[in-house]
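Working notes, beginning with the structure itself.
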Amino acid sequence: MSGPLAIDYIRHAIYLALLVAAPLLLTALVIGVIVSLIQAVTQLQEQTLTFIPKLIAVTGMFIFLLPWMLSQLTSYLSAVLRSLPTLGH
């Protein structure tokens, strides 16, 4: 395997990992900001209050996006596996 080809595979894998993780991270960020705003308005400063809404939202988003995530990862894996016979040359 040549150096540029390996770098391209690694670059694409990192991009795919970021693409798959981004919706879950953004969901946690948005829910965290919303709960923080509610805490600031109500002056309720309980640290554990942000954990449960984030957990529920991220779990729901994960279940909702799981087919898309699996299709992205499966298509990348199948492309890499299809290119294996040509890597030996």
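Along the sequence shown, residues carry numbers from 1.
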Exercise. Start with the C-alpha gap between Lys54 and Thr59, add the side-chain angles, then the distance that decides, and say whether side-chain contact (heavy atoms from CB on, under 4.5 Å) holds.
Key: CA-CA 8 Å; Lys54 279 186 196 177; Thr59 302; over 6 Å; no
As an exercise, state the distance from [atom1] of [X] to [atom2] of [Y], rounded to the nearest 0.5 Å.
X: Met61; Y: Thr27; atom1: CE; atom2: OG1; result: 3.5 Å
X: Leu55; Y: Thr50; atom1: CG; atom2: OG1; result: 11.0 Å
X: Leu16; Y: Ser75; atom1: CG; atom2: OG; result: 7.0 Å
X: Leu65; Y: Gln72; atom1: CG; atom2: CD; result: 10.5 Å
X: Leu81; Y: Leu77; atom1: CG; atom2: CG; result: 4.5 Å

For [X] and [Y], work out which heavy atoms get closest and say how close.
X: Leu49; Y: Leu44; answer: CD2-CD2, 3.8 Å
X: Tyr76; Y: Tyr9; answer: OH-O, 3.0 Å
X: Thr74; Y: Leu70; answer: OG1-O, 2.5 Å
X: Trp68; Y: Val20; answer: CZ3-CA, 4.2 Å
X: Ala57; Y: Ile31; answer: CB-CG1, 3.6 Å

Hey, any chance [X] and [Y] share a hydrophobic cluster, counting ILVMFWY side chains that come within less than 4.5 Å of each other, even indirectly?
X: Leu19; Y: Val80; answer: yes
X: Tyr15; Y: Leu73; answer: yes
X: Phe51; Y: Ile56; answer: yes

